[in-house]
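A short worksheet on the structure shown next.
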Amino acid sequence: MSSDFPELTNDRVLRLCRGEEVDRTPIWIMRQAGRYLSEFREYRKKHEFFEICRNPEHACEVTMQPLRRFDLDASIIFSDIMVIPQAMEMECVMVPGKGPTFTSPLDAPEDLDKINLSPDVNKVLQYVYDAITLTRKTIGGKQPLFGFVGAPWTLMAYMVEGGGSKTYSKAKKWLYQFPEASEKLLDALTNVCIDFLVGQARAGAQVLQVFESHADALSPELFHKFTLKLLKKIATQVKAKLGKDAPPVSIFCKGGHFMNKEFVDSEYDIIQVDWTISREQILELKSKVVQGNLDPCQLYAPKEEIQKAAREMLKKFEGVRHIANLGHGIYPDTDPEHLRTYIDTVHEETQKTQA
């Protein structure tokens, strides 16, 4: 494990995961480093997206940008879930107005022979580890640092579709028509995710998050057949490989209402929920730390309405160990001052009730 890191002075997130009391509800924001910040947009004028991901100094600088602006309780390394397919020797480029795009997506099972299903992530993704170590030192202990991966199904969906999709019908077609090839790819992705998360922890990541961003494309039958056991395996194996040094691990199944409670009996410490979940569903998860869940679109509202929405959200999590966040990533056209209102309201409201 990397060492010589500054002492952590804001450990609210980690204390929650240990079942300890905190003086206020911690908050961080998915995609908190990104296009809604003018300083990020200026940085992007000089550097291509994946250039930033691959350069530890660039990734560190971008990770630090929101921490300089807002009173956040956690940071998350600037990277992208697509670094895993890239490590498997698939070319992925960031196309303006379209997002991540694969130049040669997987069209048929025989295409699996064209990629590397067992990359040495400790070699090809060393730049992420270097970015984590540098950023951990640069933060100076003011916030814990999250590392992350995209979950196997989400990565497979992108690799088959070639990019984003409204239906993910091409990827789901694989599950129905090519179940053996699908399992081969998903198993390979699972193993890479495990190794990559272990490497991130050893580099200095203090919390690890698994993003199943396309969970809502799956039926309960497909989820249980293809992905549940693999998602559980990720947490179990990461914890086993790291032993006493294992950090908390978080799972986020966007749109997966029926999926969330499946992780109550798992090695995950944190269950992230989106904005469509009810208080009753939140209470089903209360043995874990629950993270979320304001609708990112609510940040378009006037500040007074954001304050009201934040208070209503906090009520839904009463009696639950809660890390405040959004129900998905912040949108690029969000006013940063509206985000500040949300962050400050969470802190003010919960500090008042816990004082």
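Values below: every heavy atom of this structure, side chains too, minus hydrogens, waters and symmetry copies. If you read the sequence from its start, that first residue is 1, and numbering goes on from there.
Following chains of ILVMFWY side-chain contacts shorter than 4.5 Å, one can reach L117 starting from I234, so the two form part of one hydrophobic cluster. Following chains of ILVMFWY side-chain contacts shorter than 4.5 Å, one cannot reach V95 starting from M90, and the two form parts of different hydrophobic clusters. A single hydrophobic cluster is not seen to contain both M88 and V93; linkage of ILVMFWY side chains at heavy-atom distances under 4.5 Å, directly or through other members, places them apart.
To the nearest 0.5 angstrom, L231 atom CG is 9.5 Å from S266 atom OG. Once rounded to the nearest 0.5 Å, the distance linking CD of E312 with CG of L294 reads 10.0 Å. Atom CD of Q32 is separated from atom CG of N325 by 8.0 Å, given to the nearest 0.5 angstrom.
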(request) Take L326 and Y342 through the test side chain to side chain contact (heavy atoms under 4.5 Å, CB included) and record every step on the way to the result. (result) CA-CA 10 Å; L326 299 176; Y342 175 47; 3.8 Å; yes
(message) Let's go through F148 and F196 carefully: what are the C-alpha distance in whole Å and the side-chain angles of both, what is the deciding distance for ring-ring contact (aromatic ring centres under 6.0 Å, His included) to 0.1 Å, and is it a yes or a no?
(response) CA-CA 9 Å; F148 67 92; F196 190 30; 8.2 Å; no
(request) Please lay out, stage by stage, how H58 and Y43 fare under the test ring-ring contact (aromatic ring centres under 6.0 Å, His included). (result) CA-CA 9 Å; H58 293 337; Y43 212 79; 5.6 Å; yes
(request) Give the intermediate values and the outcome of side chain to side chain contact (heavy atoms under 4.5 Å, CB included) for residues S165 and Y158. (result) CA-CA 8 Å; S165 169; Y158 275 118; over 6 Å; no
(request) Assess whether ring-ring contact (aromatic ring centres under 6.0 Å, His included) is satisfied between W28 and F146, documenting all intermediate values. (result) CA-CA 10 Å; W28 67 280; F146 275 66; 4.5 Å; yes
(message) I'd like to know whether F252 forms a ring-ring contact (aromatic ring centres under 6.0 Å, His included) with Y268, so could you lay out the CA-CA distance, the side-chain angles of the two residues, the decisive distance to 0.1 Å, and finally the verdict.
(response) CA-CA 10 Å; F252 177 40; Y268 286 100; over 10 Å; no
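Here R18 does not pair with D269 in a salt bridge; the nearest charged N to carboxylate O distance is not below 4.0 Å. Under the 4.0 Å criterion applied to side-chain N and carboxylate O atoms, R68 and E61 are assigned as salt-bridge partners. Between E39 and R69, at least one side-chain N (NZ, or NE/NH1/NH2) sits under 4.0 Å from a carboxylate O, which counts as a salt bridge. For the pair D23 and R12, the salt-bridge criterion is met [side-chain N within less than 4.0 Å of a carboxylate O]. Under the 4.0 Å criterion applied to side-chain N and carboxylate O atoms, E42 and K45 are assigned as salt-bridge partners. No salt bridge links K254 with D274; every basic N to acidic carboxylate O contact stays at or beyond 4.0 Å. We find that R311 and E349 are joined by a salt bridge, their nearest charged nitrogen and carboxylate oxygen being less than 4.0 Å apart. The residues R202 and D245 are annotated as not salt-bridged, no charged nitrogen and carboxylate oxygen being separated by less than 4.0 angstrom.
A cation-pi contact links R136 to F5, judged by a cut-off of 6.0 Å to the six-membered ring centre and 45° from its axis.
Other residues, nucleotides and ligands contribute only 12 or fewer heavy atoms inside 6.0 Å of the CZ atom of R35. Around atom CG of D333, more than 12 heavy atoms belonging to other residues, nucleotides or ligands sit under 6.0 Å away. A 6.0 Å sphere centred on NZ of K232 holds more than 12 heavy atoms belonging to other residues, nucleotides or ligands. Counting heavy atoms of neighbouring residues, nucleotides and ligands inside a 6.0 Å radius, atom CD of E337 exceeds 12 of them. Other residues, nucleotides and ligands contribute only 12 or fewer heavy atoms inside 6.0 Å of the CD atom of E180.
Put simply, the side chain of H214 never gets that close to the backbone of A157: no donor and acceptor are under 3.5 Å apart.
The two residues G141 and L8 come nearest to each other via the heavy atoms O-CD1, 3.3 Å. When every heavy atom of P56 is checked against every heavy atom of L134, the shortest pair comes out as O-CD2, 3.7 Å.
Looking at heavy atoms from C-beta onward, F50 lies in side-chain contact with M94 at the 4.5 angstrom threshold.
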